[in-house]
Engineer: 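Structure in structure tokens, see below.
Starting from 1, each residue takes its place in the sequence as its number. None of the values given here were measured: they were computed from a predicted structure.
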Amino acid sequence: MPKELLLKSFEDLLSPAKLFEEALSRYKPYSADKDYTEEERLFYDAMSFRFQKLVEALLFFLKSLELYLFAETSDTLRGRLLRLEKGHFISDTELYLKARILRNKIVHAYLPEELEELYEELVNTGKKLLEEVENLKKRKGEFL
């Protein structure tokens, strides 16, 4: 994979990271007891969408990084993540697997109690993913 394509993939990661970070700056914990207006619910929907985009962009970048570094891709996501964790490009394989599961759960949660727990997990996991993006920025010179 040419270095230019890896750089493009990295740059494509930065936009959803910034948008999710902006959503977090306005986040107020969700309460199952509150009756939210449509406008208030739109914020949580937007934040969820931004989380999904961040996860997808990160996973795509990591696939590109693996291909660039090793000239092959793993058969499984877990294999890819373990390989990159071993190389200290990511800190915790389980974080990425959890993020992927949360990404999938978002579209199936409807009950206020489910949403309250989901948004809390989403925010906590999202903050850790943003730290991962910051670490990748610091190490950019090692692979770009």
Engineer: Parallel, tilted or perpendicular: which one describes the rings of Y119 and Y44, with boundaries at 30° and 60°?
Structural biologist: tilted
Engineer: Any donor and acceptor pair, going by atom type alone, linking the side chain of E116 with main-chain N or O of A32 inside 3.5 Å?
Structural biologist: yes
Engineer: Assess the residue pair R41 and E38 against the criterion (salt bridge (Lys or Arg N to Asp or Glu O under 4.0 Å)); give the C-alpha distance rounded to whole Å, side-chain angles, the decisive distance to 0.1 Å, and a yes or no.
Structural biologist: CA-CA 5 Å; R41 284 194 312 263; E38 178 66 21; 2.6 Å; yes
Engineer: To the nearest 0.5 Å, how far apart are CD1 in I106 and CG in L115?
Structural biologist: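 So the gap between those two atoms works out to 10.0 Å.
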Engineer: How about V133 and L54: do any of their side-chain heavy atoms sit closer than 4.5 Å?
Structural biologist: yes
Engineer: Between R100, E85, E132, which is the residue that forms a side chain to side chain contact (heavy atoms under 4.5 Å, CB included) with L95?
Structural biologist: E132
Engineer: Side chains of M47 and V123: closer than 4.5 Å at any heavy-atom pair?
Structural biologist: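 Result yes, sub-4.5 Å side-chain heavy-atom pair found.
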Engineer: Determine the minimum heavy-atom distance between L118 and A109, stating which atoms define it.
Structural biologist: CD2-CB, 3.8 Å
Engineer: Applying side-chain contact (heavy atoms from CB on, under 4.5 Å) to L130 and L24, what does each step give before you reach the verdict?
Structural biologist: CA-CA 11 Å; L130 290 175; L24 282 181; 3.7 Å; yes
Engineer: Indicate yes or no for a side-chain donor-acceptor contact from E66 to the backbone of S74 under 3.5 Å, with no hydrogens or angles considered.
Structural biologist: yes
Engineer: Check whether any side-chain heavy atom of Y27 lies under 4.5 Å from a side-chain heavy atom of S25, and answer yes or no.
Structural biologist: no
Engineer: Are there over 12 heavy-atom neighbours, none belonging to E113, within less than 6.0 Å of that residue's CD?
Structural biologist: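 Yes - once you tally the heavy atoms of other residues, nucleotides and ligands closer than 6.0 Å, there are more than 12.
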Engineer: Can you tell me if E40 has over 12 outside heavy atoms packed within less than 6.0 Å of its CD?
Structural biologist: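 Yes.
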Engineer: Step by step, work out the side-chain contact (heavy atoms from CB on, under 4.5 Å) result for D92 and Y96.
Structural biologist: CA-CA 7 Å; D92 182 13; Y96 290 86; 5.9 Å; no
Engineer: State, with a plain yes or no, whether a side-chain heavy atom of K105 is found less than 4.5 Å away from one of E114.
Structural biologist: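 No, too far: nothing below the 4.5 Å cut-off.
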Engineer: Are E21 and K18 close enough for a salt bridge, meaning some N to O gap below 4.0 Å?
Structural biologist: no
Engineer: Do the side chains of F60 and D12 get nearer than 4.5 Å, heavy atoms only?
Structural biologist: no
Engineer: One thing to verify: whether E131 and K128 come together as a salt bridge, which I'm taking to mean a side-chain N less than 4.0 angstrom from a carboxylate O.
Structural biologist: no
Engineer: Whether R26 engages the ring of F43 as a cation-pi pair (distance to the six-membered ring centre under 6.0 angstrom, angle to the ring normal within 45°) should be assessed.
Structural biologist: no
Engineer: Look up atom CZ in F51 and atom OG1 in T125, then write down how far apart they are to the nearest 0.5 Å.
Structural biologist: 5.5 Å
Engineer: Tell me, do L58 and L136 make a side-chain contact under 4.5 Å, heavy atoms counted?
Structural biologist: yes
Engineer: Salt bridge or not between E94 and R78? Use side-chain N to carboxylate O under 4.0 Å.
Structural biologist: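 Judged by the 4.0 Å cut-off on N to carboxylate O distance, E94 and R78 do form a salt bridge.
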Engineer: For a 4.5 angstrom cut-off between non-hydrogen side-chain atoms, does L129 reach F20?
Structural biologist: no
Engineer: Do L14 and K137 pass the side-chain contact (heavy atoms from CB on, under 4.5 Å) test, and can you show the C-alpha distance, the side-chain angles, and the key distance before you say yes or no?
Structural biologist: CA-CA 9 Å; L14 299 179; K137 281 184 193 177; 3.5 Å; yes
Engineer: Is the side chain of Y36 donor-acceptor paired with the backbone N or O of L42 at a distance under 3.5 Å, no angle test?
Structural biologist: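 Side chain of Y36 to backbone of L42: no pair is present.
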Engineer: Check each of N104, V107, L122 against Q52 using the side chain to side chain contact (heavy atoms under 4.5 Å, CB included) test, and report the only one that passes.
Structural biologist: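 Per the side chain to side chain contact (heavy atoms under 4.5 Å, CB included) rule, the option paired with Q52 is V107, out of N104, V107, L122.
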Engineer: Please name the residue in the list E11, E4, K3 that meets the side chain to side chain contact (heavy atoms under 4.5 Å, CB included) test with L7.
Structural biologist: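 In the set E11, E4, K3, the residue that makes a side chain to side chain contact (heavy atoms under 4.5 Å, CB included) with L7 is E11.
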